[in-house]
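Reading through the structure tokens given below for one structure.
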Amino acid sequence: MQFIGRSYKGCTENDRMHGEGEYTFPTSTKYVGEMKDGMFHGKGMLLFPNGIKYESIWEDGISKQGSFTFVDGLQYQENNWDYCDGNDRRFYSERCNGIRPAGESQMTDLHPPRPIPAGCYDCADGFYDPVTRVITSYSGGFVRSAVRTCYQNKTINHQCY
């Protein structure tokens, strides 16, 4: 696992993940919960590096019933989802704390908003610079490149498929 950037801490049976454990993907996303025969099985949650959480009941590696919670605490509802639809465009924090007074418009879900470097865009997990096509974390570290490279993929009209 360590050669491909994955790790596992927890119980095993017959050299497979089995029982309680913590599996870390190469993306730093973690699964914490019950395993059976090398697969997610039982209660467990995926913890994403940006703070998003997905809790679920798993059967043989497949999520059967789960809930998705955003960083700010907003919980996704499959039915009757009314957040950020055509009728209500408020930020979640505005729904929880009320709308700011006139002259103190809220441009992001954070108040006060984080400063955005000139020419860049806030893309939820960092800043996107359209000139370099790179996303850097809020602390300045490299997150990913937005440039798509076609090393071993088929290239048709310079598009990756």
Side-chain angles (χ1 to χ4, degrees), residues 1-10 17 21-33 35 38-40 44-56 58 61-63 66-78 80-161:
M1 283 192 192
Q2 67 271 19
F3 296 115
I4 53 175
R6 299 175 182 162
S7 66
Y8 176 70
K9 298 176 199 167
M17 300 180 295
E22 180 181 293
Y23 179 84
T24 305
F25 292 87
T27 60
S28 298
T29 298
K30 293 183 181 193
Y31 171 83
V32 178
M35 315 269 190
M39 293 182 279
F40 305 162
M45 70 176 96
L46 287 169
L47 303 169
F48 296 88
N50 62 359
I52 292 174
K53 177 172 60 172
Y54 181 72
E55 297 178 80
S56 185
W58 303 81
I62 298 170
S63 172
S67 64
F68 189 88
T69 307
F70 294 91
V71 177
D72 59 10
L74 175 65
Q75 192 164 20
Y76 175 73
Q77 299 171 2
E78 191 168 342
N80 301 320
W81 178 254
D82 67 348
Y83 174 67
C84 204
D85 64 8
N87 299 317
D88 187 352
R89 304 294 295 173
R90 292 178 294 167
F91 291 108
Y92 180 62
S93 61
E94 289 178 309
R95 290 180 70 171
C96 295
N97 306 318
I99 296 177
R100 306 213 49 84
E104 293 185 33
S105 297
Q106 192 164 333
M107 302 303 290
T108 72
D109 198 34
L110 297 175
H111 186 77
R114 65 175 58 91
I116 300 173
C120 293
Y121 301 91
D122 188 335
C123 60
D125 61 346
F127 298 117
Y128 172 67
D129 184 335
V131 174
T132 62
R133 301 190 70 191
V134 168
I135 298 165
T136 55
S137 68
Y138 296 123
S139 60
F142 177 83
V143 173
R144 67 183 172 280
S145 172
V147 178
R148 198 152 184 205
T149 311
C150 303
Y151 291 117
Q152 296 180 352
N153 298 333
K154 294 178 183 178
T155 304
I156 301 171
N157 296 331
H158 303 287
Q159 299 292 319
C160 296
Y161 295 93

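In this structure, Tyr76 OH and Ile52 CD1 are separated by 13.5 Å, a value rounded to the nearest 0.5 Å. Tyr8 OH to Glu22 CD: the interatomic distance, rounded to the nearest 0.5 Å, is 10.0 Å. A distance of 11.0 Å separates OH of Tyr31 from OH of Tyr54, quoted to the nearest 0.5 Å. Annotation: the span from Thr29 atom OG1 to Asn50 atom CG amounts to 8.0 Å, rounded to 0.5 Å. Note that CD1 of Ile62 is 8.5 Å distant from CE of Met39, once rounded to the nearest 0.5 Å. Lys30 NZ to Met45 CE: the interatomic distance, rounded to the nearest 0.5 Å, is 12.5 Å.
Counted by atom type alone, Thr69 and Glu55 present zero donor-acceptor pairs between their side chains at under 3.5 Å.
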Evaluate the criterion side-chain contact (heavy atoms from CB on, under 4.5 Å) for residue pair Phe40 and Met35; output intermediate values, then yes/no. CA-CA 5 Å; Phe40 305 162; Met35 315 269 190; 3.8 Å; yes
Would you sort out whether Tyr128 and Arg133 count as a side-chain contact (heavy atoms from CB on, under 4.5 Å), showing the intermediate values? CA-CA 7 Å; Tyr128 172 67; Arg133 301 190 70 191; 3.8 Å; yes
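The shortest heavy-atom contact between Cys123 and Ile135 is SG-CG2, 3.8 Å. In terms of heavy-atom proximity, Val71 sits nearest to Gly51 at CG2-C, 3.7 Å. The minimum heavy-atom distance between Cys120 and Pro130, with the atom names listed, is CA-CD, 4.4 Å.
Atom OH of Tyr138 has more than 12 neighbouring heavy atoms from other residues, nucleotides or ligands inside a 6.0 Å radius.
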